[in-house]
S.K.: 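The structure under discussion is supplied below as structure tokens; questions concerning it will follow.
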Amino acid sequence: METQTIKFCAYENTLFNNDQIANFLHEHLDEFGDEKDDILKCLSYVQDKNKGGEIILASNENEIIGAVVLNKTGMSGYIPENILVYIAVNNFYRGKGIGKKLMEYAIEFSDGNIALHCEPDNPAFHLYEKLGFKSKYLEMRLEKSH
């Protein structure tokens, strides 16, 4: 693989649209993913001027090979300012440092702290630790039926 052909850029500087990004994430998040409609809501949240966040893509030619999405929380100081919602790398490109580079860009371009939820068996768990993330809490949830 020629690493020179891989480009990393923010959403504003890419030709990919929300539908293409959502399709990529839906396909490559594996068992850690969401339905495409939920992914599209997350992408719209980033682009809402009153909410915000970051979408950073890795591409090779006309193909998305990696993506990371952060949403701003709007709760500076007492809750991390950003939450990492999605990160995925195409199976063919995994293990080549693309996820790490995406996270480094996300850390660099986001203002404030970043929180994320990660299952212990998620392969990205060790990447997050290497980048300085720490397990602070055990998350508990009450999911109300609608």
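Just so it is clear, the structure is predicted and the values come from calculations on it, not from any experiment.
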S.K.: Would you please test Y128 and M103 for side chain to side chain contact (heavy atoms under 4.5 Å, CB included) and show each step?
M.R.: CA-CA 8 Å; Y128 301 139; M103 284 301 302; 4.1 Å; yes
S.K.: First locate atom CD1 of I114, then atom CD of E54, and finally report the distance between them rounded to the nearest 0.5 Å.
M.R.: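 If we round to the nearest 0.5 Å, I114:CD1 and E54:CD are 9.5 Å apart.
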S.K.: Please find the pair of heavy atoms, one from V85 and one from C42, that lie closest to each other, and give the distance.
M.R.: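 What the structure gives for the nearest pair is CG1-SG, 3.7 Å.
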S.K.: As an exercise, state the distance from CG of L25 to CG of L43, rounded to the nearest 0.5 Å.
M.R.: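 Interatomic distance, L25 CG to L43 CG, rounded to 0.5 Å: 6.5 Å.
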S.K.: Can you give me the closest heavy-atom contact between F24 and N90, atom names plus distance?
M.R.: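 Looks like CZ-N, 3.7 Å.
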S.K.: Give a yes or no on whether D121 atom CG has more than 12 heavy-atom contacts from other residues, nucleotides or ligands under 6.0 Å away.
M.R.: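 Enclosed.
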S.K.: What's the separation between atom CG in N82 and atom OG in S110, rounded to the nearest 0.5 Å?
M.R.: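 Here the interatomic distance stands at 4.5 Å.
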S.K.: Which of parallel (below 30°), tilted (30 to 60°) and perpendicular (above 60°) describes F8 and Y105?
M.R.: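 Rings of F8 and Y105: parallel, as their planes differ by under 30°.
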S.K.: At their closest point, which heavy atom of H28 faces which heavy atom of R94, and how far apart are they?
M.R.: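 Heavy atoms only, the tightest pair is O-NH2, 2.8 Å.
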S.K.: Honestly curious: do I87 and F92 fall in one hydrophobic cluster under the side-chain, below-4.5 Å linking rule?
M.R.: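 I87 and F92: one cluster.
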S.K.: Could you grab the distance from atom CD1 of I83 to atom NZ of K72, nearest 0.5 Å is fine?
M.R.: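 Going from CD1 on I83 over to NZ on K72, the span is 14.0 Å.
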S.K.: L57 and side-chain contact (heavy atoms from CB on, under 4.5 Å): which partner among I21, V69, L102?
M.R.: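 With L57 as partner, I21, V69, L102 yield a single side-chain contact (heavy atoms from CB on, under 4.5 Å), made by I21.
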S.K.: Are F125 and I98 connected in a single hydrophobic cluster, I mean Ile/Leu/Val/Met/Phe/Trp/Tyr linked by side-chain heavy atoms less than 4.5 Å apart?
M.R.: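 In one cluster with I98: F125, no.
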S.K.: Between atom CG of N18 and atom CG of N23, what is the distance when rounded to the nearest 0.5 Å?
M.R.: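 So the gap between those two atoms works out to 11.0 Å.
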S.K.: In the single-linkage hydrophobic clustering (I, L, V, M, F, W, Y; side-chain heavy atoms under 4.5 Å), do F109 and F133 co-cluster?
M.R.: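 Same cluster.
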S.K.: Would you say NZ of K36 has more than 12 non-hydrogen atoms from neighbouring residues, nucleotides or ligands within 6.0 angstrom?
M.R.: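 Enclosed.
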S.K.: What is the distance from atom OH of Y86 to atom CG of L116, rounded to the nearest 0.5 Å?
M.R.: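 Result: 14.0 Å between the selected atoms.
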S.K.: How far apart are the closest heavy atoms of E81 and S76, and which atoms are they?
M.R.: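 Looks like OE2-OG, 3.1 Å.
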S.K.: Can you name the nearest heavy-atom pair linking L15 to Q20, along with the distance?
M.R.: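 What the structure gives for the nearest pair is O-OE1, 4.0 Å.
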S.K.: Side chains of Y93 and N60: is there a donor and an acceptor less than 3.5 Å apart?
M.R.: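 A pair is found: one side chain offers a donor N or O, the other an acceptor, under 3.5 Å apart.
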S.K.: Shared ILVMFWY cluster between I65 and L127, side chains joined below 4.5 angstrom?
M.R.: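 Linked, I65 and L127 end up in one cluster.
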S.K.: Below 4.5 Å, heavy atoms only, C-beta onward: do I55 and Q47 meet side chain to side chain?
M.R.: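 When only atoms from C-beta onward are counted, Q47 and I55 do touch, with a gap below 4.5 Å.
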S.K.: What are the two closest non-hydrogen atoms of F16 and S59, and how far apart are they?
M.R.: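 Between these two residues, the closest heavy atoms are CE1-CB, 3.8 Å.
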